[in-house]
Amino acid sequence: VFQVELPLRSLFESPTIASLAAHVERRLREAVALQIPPIERVGRDGSLPLSFAQERMWFLHQLDPWNSAYNIPGALRLTGTLDQKALEQTLHEIVRRHEAFRTTFVAADGQPAQVISPLADSFLEVIDLRALPRSERESHAMQHIQEEAQRPFDLTSGPLLRVLLLQTDGEEHILFFNMHHIISDAWSLGLLTDEILKLYNGYTAEEPLQLPALPIQYADFAVWQRQWLRDETLETLLAYWRKQLDGIQPLELPTDYPRPVMQRYRGDVRSADFPKELLDAVKHLSNREGVTLSMT
């Protein structure tokens with residue numbers, strides 16, 4: 001709104017609107033306003049570009065199309081009477097509302113583009129496990145979820161959102177989502193869950209909820225980003241980072257094995273306790289450099 005950029009630390013140092021306003025006013029007096037054009041809705045009749053983040057995902061997918069490392073799975077355990085029709089209506093509205101769930105990615109002359117498809121009739125897969133012995137249902141459900149979570153996506157044909165409903169008992173279900181990172185992220189799972197709950201409650205009460213209309217979609221952001229970050233604006237940003245990184249040698253970490261040509265994603269987790277003196281020193285370094293502990 002005010003066309004200023006604030007350091008991240010100012011949000012923590014000035015947690016109230018009044019104190020944050022002082023930061024904004026000071027930046028305005030310093031005449032460091034950013035010339036950022038507003039994001040506006042664009043037509044859907046021409047070729048739609050990818051955002052820079054999407055293009056990275058698309059590029060990595062071309063190198064290894066069968067890789068499932070960028071799948072985003074999530075599950076909800078549902079207890080009680082389930083209205084499957086209301087659930088299907090909810091998912092139908094979610095996909096209608098968010099174009100990203102109807103988007104696929106094609107390439108023409110080596111350049112990727114977004115394709116937003118019409119709304120499909122049905123995309124909910126239902127698996128009824130009640131014919132199995134009760135003691136085996138949970139393990140079979142987890143097996144289905146594991147297999148689905150690791151199943152790769154085809155960015156060209158889609159769909160890039162898959163929904164699986166597993167029924168383990170009369171009033172026990174697991175609703176499983178799987179999305180590709182090119183259309184969503186982990187933070188968005190919270191938004192998705194919130195909208196599903198609101199819409200489902202409305203449909204089951206036969207009082208459908210009208211969520212506020214979305215003024216823009218992700219494709220509009222992608223077009224805006226491409227139009228803004230180019231020419232002189234892009235060169236200014238690149239020049240800054242060329243100066244910051246000039247002369248820095250590549251970091252060679254003392255790994256126990258050479259890095260493979262193709263990443264295998266065979267990671268692991270290790271836990272360790274740091275001495276208090278070391279942790280205090282790292283915190284001091286982070287404060288001095290104006291970065292978070294996570295960044296350090």
Side-chain angles (χ1 to χ4, degrees), residues 57 60-61 63-95 97-98 100-105 120-201 203-204 260 262-272:
M57 290 287 103
L60 292 171
H61 186 80
L63 295 177
D64 188 5
W66 304 110
N67 189 350
S68 61
Y70 292 101
N71 290 8
I72 303 178
L76 296 172
R77 189 178 292 275
L78 310 176
T79 301
T81 303
L82 179 68
D83 187 333
Q84 187 171 319
K85 180 181 178 182
L87 177 60
E88 291 177 344
Q89 289 175 311
T90 296
L91 296 174
H92 191 273
E93 174 60 17
I94 289 286
V95 175
R97 175 176 167 80
H98 298 282
F101 292 140
R102 295 182 275 118
T103 300
T104 50
F105 301 86
D121 292 332
S122 179
F123 41 82
L124 176 65
E125 181 182 357
V126 181
I127 298 178
D128 192 341
L129 300 173
R130 290 177 295 174
L132 296 172
R134 189 180 300 272
S135 59
E136 299 178 10
R137 297 174 191 174
E138 185 74 11
S139 61
H140 275 77
M142 292 304 105
Q143 181 180 344
H144 280 293
I145 288 175
Q146 186 73 16
E147 291 173 354
E148 173 56 39
Q150 295 179 353
R151 187 157 63 98
F153 285 94
D154 185 337
L155 300 190
T156 302
S157 61
L160 303 186
L161 166 68
R162 298 194 293 256
V163 187
L164 184 63
L165 179 66
L166 300 135
Q167 184 166 9
T168 57
D169 209 340
E171 294 190 349
E172 293 287 340
H173 296 78
I174 299 175
L175 185 63
F176 179 78
F177 301 88
N178 200 9
M179 303 176 286
H180 194 280
H181 194 19
I182 199 169
I183 65 162
S184 187
D185 57 19
W187 187 84
S188 300
L189 276 176
L191 297 178
L192 176 63
T193 303
D194 181 64
E195 288 194 1
I196 286 175
L197 293 174
K198 289 178 178 177
L199 289 168
Y200 177 78
N201 288 334
Y203 283 121
T204 54
M262 184 66 71
Q263 191 171 359
R264 294 190 295 264
Y265 299 93
R266 296 173 186 168
D268 200 355
V269 176
R270 289 289 186 268
S271 297

Taking all non-hydrogen atoms of both residues into account, name the closest pair between [X] and [Y] and its distance.
X	Y	result
A86	T204	CB-CG2, 3.7 Å
L166	H144	CD2-CB, 3.8 Å
M142	I174	CE-CD1, 3.7 Å
L82	Y200	CD1-OH, 3.6 Å
N178	F153	O-CZ, 3.4 Å
A186	I72	N-CD1, 4.0 Å

Quick one: pull up [atom1] in [X] and [atom2] in [Y] and give me the separation to the nearest 0.5 Å.
X	Y	atom1	atom2	value
Q167	D128	CD	CG	4.5 Å
D185	M179	CG	CE	8.0 Å
L76	F176	CG	CZ	11.0 Å
T90	I94	OG1	CD1	7.5 Å
L155	M57	CG	CE	10.0 Å
S68	E147	OG	CD	12.5 Å

Is it true that Q89 and E93 share a donor-acceptor pair across their side chains at a distance under 3.5 Å? no
State whether the side chain of [X] and the backbone N or O of [Y] hold a donor-acceptor pair below 3.5 Å, judged by distance alone.
X	Y	answer
R130	G170	no
D194	G190	no
H92	V95	no
N71	P73	no

Evaluate the side chain to side chain contact (heavy atoms under 4.5 Å, CB included) criterion for residues T168 and H140: first the C-alpha distance (whole Å), next the side-chain angles of each, then the deciding distance (0.1 Å), finally the verdict. CA-CA 9 Å; T168 57; H140 275 77; over 6 Å; no
Residues in side chain to side chain contact (heavy atoms under 4.5 Å, CB included) with [X], at least two apart?
X	value
P159	none
A120	none
E171	T81
R151	E148, R162

Would you call [X] and [Y] a side-chain contact if the rule is heavy atoms closer than 4.5 Å?
X	Y	result
I183	H98	no
T103	L160	no
T79	E172	yes
F101	L192	yes

Test side chain to side chain donor-acceptor pair (under 3.5 Å) applied to D154 - qualifying residues, sequence neighbours left out: S157
Kindly determine whether N67 and L60 satisfy side chain to side chain contact (heavy atoms under 4.5 Å, CB included), including the steps that lead there. CA-CA 9 Å; N67 189 350; L60 292 171; over 6 Å; no
Aromatic plane relationship, H180 with H61 - under 30° parallel, 30 to 60° tilted, over 60° perpendicular: perpendicular
Qualifying salt bridge (charged side-chain N to carboxylate O under 4.0 Å, His left out) pairs, either residue in residues 71-91, two or more places apart: R77-E138
Which of L164, T193, I196 passes side chain to side chain contact (heavy atoms under 4.5 Å, CB included) with F177? It is I196
